[in-house]
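Notes to accompany the following structure.
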Amino acid sequence: LGHARLAIVDVPGGQQPLASDDGQIQAAVNGEFYDWERLRRDLESRGHHFRTRCDSELLIHLYEERGIDCLHELRGEFAFVLWDARKQRLFAARDRFGVKPLVYARGKRAQLYLASEAKALFAMGLPAVWNAQAFAEVASHQYLSPSQSLFGGVSMLPPGHYLLAEGSQWRTASYWSLDYPRRDEGATMSPAQEAAEIRALLSESVRLRLQGDHPVACYLSGGIDSSAVAALAVRHSQRPISCFGIAFDDVAYDEHEDAAAFATALGVDFHAVRVSADAIVQTLPEAVRFAEGLCINGQLSAKFLLSKATQA
């Protein structure tokens with residue numbers, strides 16, 4: 001298992017792959033597990049010993065207790081691969097909404113390859129060819145079906161799914177899906193109760209995402225969603241919050257003044273990342289290479305430039 005780590009919690013101690021005490025279980029995790037401190041306390045109360053402060057280590061101990069059912073305990077944005085040497089089992093999974101990618105392919109001799117991006121599969125010898133049907137689909141409808149990629153022979157593990165491989169046999173299966181109540185079932189809460197429930201859940205979600213060893217920043221466009229997240233982050237954070245947003249040259253698309261005004265009302269710094277039309281065009285090849293997808297408007301390049309500015 002190879003891993004380039006997104007280091008958020010326990011930066012010096014959470015190098016991956018992570019291992020169980022006896023070394024029989026190895027795992028590499030991309031992303032974050034939320035509410036990890038509560039889960040860790042529960043596991044320690046049942047005798048589990050943690051080697052690191054890294055949230056990713058939860059996976060090892062939850063798997064030891066519950067096997068593949070550990071997925072029902074995990075909240076967050078993640079994709080992982082776990083090797084169980086005792087059972088000769090490879091276990092991989094992707095978060096419920098597919099925030100983190102996970103692709104897989106079969107080699108010429110029936111090997112199973114998994115990675116967070118197709119470029120890694122090509123580096124391992126898989127030929128880089130187009131999936132013509134998928135290309136036509138995304139060019140027509142902007143989005144691919146959950147199991148498709150733009151590349152021939154490369155499949156995407158759908159959101160809320162896991163992959164299990166034992167010996168020469170392997171399968172994928174769903175472990176979660178959205179539950180939509182039927183309209184004729186009737187409302188169980190009043191509009192005021194629904195609003196309070198949404199407010200509480202959103203507040204908890206933002207609070208859990210503030211945990212980390214690095215300073216926290218918010219993307220702020222001035223719209224309702226990003227403004228709500230930024231306001232809740234300021235409320236819950238014990239550290240200063242910075243906000244970043246895009247300033248377009250074209251006034252028809254530019255909203256950074258609204259974002260800056262809201263940041264001022266919150267009492268936080270706002271950093272406007274200026275993105276010109278030339279920069280959008282010049283950055284496009286690099287943005288597409290990282291995204292491994294088609295660009296339907298200038299947002300792909302702009303968000304790539306915003307990410308680079310925030311990282312700096």
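Excluded from the calculations below are hydrogen atoms, water molecules and symmetry mates; all remaining heavy atoms, backbone and side chain alike, are included. Note that this is a predicted model, so its numbers are computed, not measured.
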Hydrophobic cluster partners of Val11 (side-chain heavy atoms under 4.5 Å): none

Flag if over 12 foreign heavy atoms under 6.0 Å of CD, Gln88: yes

Minimal non-hydrogen separation, Leu126 against Ala105, with atom names: CD2-CB, 3.7 Å

For Pro101 against Ser116, the heavy-atom pair lying closest together: CG-O, 3.2 Å

Partners meeting salt bridge (Lys or Arg N to Asp or Glu O under 4.0 Å) with Glu166 (sequence neighbours left out): Arg89

Heavy-atom pair with the smallest gap, counting every atom of Gly293 and Val288: O-CG1, 3.5 Å

Sole candidate of Arg46, Arg40, Arg41 that passes salt bridge (Lys or Arg N to Asp or Glu O under 4.0 Å) when paired with Glu44: Arg40

NZ/Lys119: more than 12 non-hydrogen atoms of other groups inside 6.0 Å: yes

Pair Arg94, Tyr175: side-chain N/O donor-acceptor within cut-off below 3.5 Å: no

Test item: side-chain donor near acceptor, Tyr219 and Ser307, under 3.5 Å: yes

Minimum heavy-atom distance Phe270-Leu220, with the two atoms named: CE1-O, 3.7 Å

Least distance between heavy atoms, Ile25 atom then Glu64 atom: CD1-CG, 3.6 Å

Minimum heavy-atom distance between His49 and His61, given as atom pair plus value: O-CE1, 3.0 Å

ring-ring contact (aromatic ring centres under 6.0 Å, His included) assessment of Trp176 paired with Tyr162: CA-CA 10 Å; Trp176 183 86; Tyr162 67 87; over 10 Å; no

Output field: ring centroids Trp36/Phe50 closer than 6.0 Å: no

